Protein chains: 2
Amino acid sequence: MQITSRLTVAAHTLAVIEYFKNAKVTSDFIASSVGVNPVVIRRILLQLKDAGLIDVARGSGGATLKKQPRDITLLDIYRAVDCVEEGGLFHFHEKPNPDCPVGGRIHQALDKSLAKAQQAMEESLSQTTLADILKTFAPA
Amino acid sequence: MQITSRLTVAAHTLAVIEYFKNAKVTSDFIASSVGVNPVVIRRILLQLKDAGLIDVARGSGGATLKKQPRDITLLDIYRAVDCVEEGGLFHFHEKPNPDCPVGGRIHQALDKSLAKAQQAMEESLSQTTLADILKTFAPA
DNA sequence: TCAGTTGTAATCAGAAAGGTTACAACAATT
DNA sequence: AATTGTTGTAACCTTTCTGATTACAACTGA
């Protein structure tokens, strides 16, 4: 089981928007670079727009960054595209037996450690910015 | 999208095995504490056994820890039950366009950061042991 | 008005998880 | 040796979630 590819698709999308910022970057264009259906890209553009990371021109078309690449982190993207729902990264089994001394307190016993692990991952994501990612594509 | 509940089920399972170690702990008994089907527990017991964390008595029945609770970490459990496949925690979109300057190098641009995030999470999981978890169930 | 795009709904197929049934293999007990 | 309880394992089903795809209304600029 893995985290949705929406994170890598969204990061790819933002990289394309910035790399080709002198042209009109449409969902079709992005889709051809990412290799997915344009509608998938549009849905992600919507999420990135809702998160305040980009502007999308309705009608005329084209997406542009709303913030500097150095001010957009992987964590921002991760959160924007809802990789993980409210319940957290780890999925708890839902029916532990409340009448069992272990089952009744298993949540309490695990939640803190799992939350820490999730935070550690998010903290790590927050240390990479879109600017870092774009360095890979910079002309030599 | 979330990580399989196998991690929490497996941790719950090990806690039950240790907490009730003076009795015979069968898959049916564990299943009633966890609140899932006994076959699900058996599948997980198999994985924990393959990982060298427990012994399972075929025929007569009952599972026992093979290591000290302090020597079993959440990371050991996480790895034992295959929460994440080889490809890593993050799922990469599979068909980036190799002919696009961005699509052709997006993997290279993201892989290191994503691997770091995954490692940060695993490192955090490795800091909690079964002994820590059992403290919650210790008699007052 | 027209052409090109975005926003969005609806539907589909495929994958993966967990639930469930069933039963052979096995070990201890009688 | 037969019985009993349990594990190992296959098979099948249902549910859920992506992402793919089609379709089309809404919108913008030329």
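So that the names make sense, note that chain A is the first sequence line, chain B the second, and so on, each numbered from 1. In this text, all values refer to a predicted model and were calculated from it rather than measured experimentally. The basis for the numbers below is simple: all heavy atoms, side chains too, and nothing from hydrogens, waters or symmetry mates.
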Original post:
Just how far is it from atom CD of Glu18(B) to atom CG of Leu134(B), taken to the nearest 0.5 Å?
Top reply: 5.5 Å
Original post:
To the nearest 0.5 Å, what is the distance between OH (Tyr19(B)) and CZ (Arg105(A))?
Top reply: 6.0 Å
Original post:
Think Asn37(B) has a side-chain N or O under 4.0 angstrom from the OP1 or OP2 of dG18(C)?
Top reply: no
I need the [atom1]-[atom2] distance between [X] and [N], as an integer number of Å.
| X | N | atom1 | atom2 | value |
| --- | --- | --- | --- | --- |
| Asp50(B) | dT9(D) | CG | C1' | 13 Å |
| Asp55(A) | dT5(C) | CG | C1' | 16 Å |
| Phe29(A) | dG4(C) | CZ | P | 18 Å |
| Ile41(B) | dT20(C) | CD1 | C1' | 14 Å |
| His91(B) | dA15(C) | NE2 | C1' | 11 Å |

Original post:
Is there a side-chain contact between Phe92(A) and Asp111(A), using heavy atoms and a 4.5 Å cut-off?
Top reply: yes
**OP:** Measure the shortest side-chain to side-chain distance between Ser27(A) and Leu45(A) over non-hydrogen atoms and say whether it is less than 4.5 angstrom.
**Re:** yes
Protein and nucleotides 6-8 of chain C: nitrogen or oxygen contacts under 3.5 angstrom:
from: dT6(C); atom 1: OP1; to: Ser27(A); atom 2: N; distance (Å): 3.3
from: dT6(C); atom 1: OP1; to: Gly62(A); atom 2: N; distance (Å): 3.4
from: dT6(C); atom 1: OP2; to: Ser27(A); atom 2: N; distance (Å): 3.4
from: dT6(C); atom 1: OP2; to: Ser27(A); atom 2: OG; distance (Å): 2.6
from: dG7(C); atom 1: OP1; to: Lys49(A); atom 2: NZ; distance (Å): 2.9
from: dG7(C); atom 1: O4'; to: Arg58(A); atom 2: NH2; distance (Å): 3.2
from: dG7(C); atom 1: O6; to: Arg42(A); atom 2: NH1; distance (Å): 2.8
from: dT8(C); atom 1: O4; to: Arg42(A); atom 2: NH1; distance (Å): 3.4

Subject >> Contacts of Lys24(B) that satisfy side-chain hydrogen bond (donor to acceptor under 3.5 Å, both in side chains) - sequence neighbours left out >> reply: none
If only atom types and distance count, is the side chain of [X] paired as donor or acceptor with the main-chain N or O of [Y] below 3.5 Å?
| X | Y | result |
| --- | --- | --- |
| Ser5(B) | Thr8(B) | no |
| Asn97(A) | Val34(B) | no |
| Thr128(A) | Leu125(A) | no |

Subject >> Degree of bending in the helix from dT1(C)-dA30(D) to dT30(C)-dA1(D) once both end axes are built from five pairs, to 10° >> reply: 10°
